[in-house]
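Proteins get letters first, then strands, A, B, ... in listed order; numbering begins at 1 in each.
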Amino acid sequence: MTFDVFSSPDPQPLPRHRFVLRRAHLLNAIAEGEAHGSSRWRWPDATMPRRLVLAVAVVASLGVVGGAVATGIDFLREQDRVDQRPWQPPQYLPVSDRAEIVRGRDWSFMAWGGSASVCVAYAAGSVTNWARACGPNPSRTERDHDSSDHLITLLMVASTERGASDGRGAIVGAVTPDVARFEVELVDGRVLSASTRPAPAALNVDARVFVMRAPLELRAPAYRAVKLYGHSGMLLERVAHR
Amino acid sequence: MAELSDRVLWERTKQGDSGAFGALFDRYADTVYGYCFRRTGDWALAEDITSIVFLEAWRKRHSVDLYEGKALPWLLGIGTNVIRNQRRSLRRFRAMLERLPRLDPVSDFGDNLDERISSSNRMRALLKEIRRLPRREQDVVTLCIWHGLSSSEAAAALAVPEATVRTRLHRARARLRKHTIDNSDRRDIIAEGVEPR
């Protein structure tokens with residue numbers, strides 16, 4: 001991928017938790033009358049004990065943050081509801097607790113232990129707008145996608161298909177514990193990579209997970225190759241799309 | 001409140017309605033953040049400057065009427081000034097900024113830290129080229145070419161006549177094209193891929 005001086009890297013939104021934090025902080029500062037830009041940050045009322053003002057600020061901050069979270073969709077509960085429908089394929093049935101790995105304002109990456117493997121789901125925008133995938137078990141007793149010793153499951157969601165309000169799609173998945181970095185070469189030539197992190201203990205699986213969010217226009221085949229790197233940085237495996 | 005126009009939100013803001021101002025933050029914080037990143041090449045600094053932009057906007061609310069009822073040009077204009085006087089602005093708001101938790105790479109995991117680092121490297125390389133231009137031309141390149149503001153909106157943001165924006169833009173384009181051609185054998189400076197590890 002190249003760029004010249006007439007274009008620049010795509011702008012990215014503030015990470016959602018930082019957005020909420022900055023917003024709460026801004027409104028607190030305003031409420032405290034601090035937004036006057038003096039060289040010293042004054043307390044709103046010199047006669048008011050500092051601790052009391054601080055307590056009010058903290059409560060106000062929690063209220064704003066709590067309110068922001070409360071207005072969001074409870075994706076985990078909605079995923080439960082989806083999986084309780086009678087026609088669900090058995091591999092999606094959870095055998096562990098479900099965990100929300102990370103979420104934004106209107107999207108969520110979730111994972112759980114399925115009856116055969118690790119399952120991942122990505123939802124964006126609304127509760128009906130979601131995708132999910134289950135790969136083979138980390139024990140590799142079952143493998144039904146590209147022959148890989150390290151890639152457990154991979155889910156790619158196009159921006160246009162289930163895009164969040166920021167216009168991004170997602171690439172999420174799970175890998176074996178020895179994989180520290182996941183890298184994918186898309187058919188459009190872009191190479192995206194992400195560090196992996198341990199799957200939450202609630203899943204009761206020995207695996208790591210990853211998530212990447214970017215503008216994605218996906219057509220089959222969605223990627224040329226996936227590369228998996230170990231903790232020493234060494235390439236463990238290259239999986240070409242079949 | 002999300003469906004209200006900028007003009008209505010701004011009028012309410014002027015009357016001291018912090019909720020209306022919060023709605024403007026919801027609407028434009030990401031754009032201001034993107035603008036600040038493109039001017040600095042630094043995500044953390046861009047975040048601090050975004051906060052300062054909105055605090056400055058609140059502070060100046062009584063003295064400002066929006067251009068054609070649009071808040072964004074004015075916010076980007078504040079951003080331009082804050083970035084220009086970065087050290088002074090950061091010093092001025094230091095106490096407030098220090099009360100925020102620092103960036104935590106682990107908790108930013110979900111927003112693709114690697115992609116951000118890569119963007120940051122690319123942006124810095126690009127800024128190295130852009131900074132060859134006079135500062136006034138850098139402003140119009142960022143506002144008009146990268147952020148798609150019209151020349152009249154950019155004029156409102158920079159508080160200069162629209163003709164001045166057009167002239168600066170024309171000159172900037174000519175300089176950049178010439179520089180690109182002159183360095184066509186040095187594409188590595190202005191073209192960079194996302195490097196596989």
Side-chain angles (χ1 to χ4, degrees), chain A residues 1-19 21-31 34-42 57 64 101-105 107 109 166 168 181 183 185 189-195 197 210-214 227 229 233 235, chain B residues 18-19 21-22 25-26 29-31 33-35 37-38 43 47 50-51 54-56 58-59 91-96 99-101 103 106-116 118-120 122-123 126 129-130 141-142 145-147 173 176 179-180 187 190-197:
Chain A
M1 184 169 62
T2 62
F3 62 88
D4 60 31
V5 287
F6 294 108
S7 64
S8 71
D10 290 335
Q12 297 183 19
L14 262 167
R16 287 307 99 183
H17 64 287
R18 302 290 305 177
F19 185 100
L21 185 70
R22 290 278 174 178
R23 190 184 195 279
H25 190 255
L26 173 72
L27 296 182
N28 283 342
I30 288 170
E34 293 181 335
H36 49 66
S38 68
S39 56
R40 281 176 179 268
W41 213 246
R42 287 196 292 263
V64 172
I101 308 293
V102 64
R103 69 168 290 158
R105 187 157 46 179
W107 59 269
F109 168 36
D166 59 8
R168 292 169 170 217
R181 175 167 296 279
E183 183 181 289
E185 182 184 348
R190 281 184 294 169
V191 177
L192 305 176
S193 72
S195 302
R197 68 187 302 186
F210 60 88
V211 56
M212 292 184 287
R213 301 188 68 250
K227 289 181 183 173
Y229 294 88
L235 177 64
Chain B
S18 60
F21 192 60
F25 181 89
D26 293 342
D30 282 341
T31 309
Y33 176 62
Y35 176 76
F37 169 70
R38 282 170 156 169
W43 290 113
E47 199 180 312
T50 300
S51 282
F54 280 91
L55 284 166
E56 282 285 5
W58 175 261
R59 192 169 69 87
R91 191 172 58 241
R92 199 177 194 187
F93 289 94
R94 186 181 56 209
M96 182 218 45
R99 286 160 55 190
L100 276 164
L103 287 172
V106 175
S107 61
D108 283 342
F109 167 82
D111 286 273
N112 199 354
L113 185 62
D114 293 311
E115 189 187 327
R116 282 173 178 269
S118 170
S119 298
S120 187
R122 291 165 57 204
M123 198 65 234
L126 188 54
E129 295 301 306
I130 292 296
V141 165
T142 318
I145 298 179
W146 291 350
H147 277 269
R173 281 196 165 115
L176 290 172
H179 181 71
T180 304
R187 284 296 291 179
I190 57 174
E192 183 178 307
V194 179
E195 292 182 1
R197 288 166 191 268

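Between B:Ser18 and A:Leu27, the shortest heavy-atom distance links the atoms O-CD2, 3.6 Å.
Between B:Tyr33 and A:Phe19, the distance from one ring center to the other does not fall under 6.0 angstrom.
Taken from CZ in A:Arg22 to CZ in B:Phe54, the straight-line distance is 12.0 Å, to the nearest 0.5 Å. A distance of 9.0 Å separates CH2 in B:Trp58 from CG in A:Leu26, rounded to the nearest 0.5 Å.
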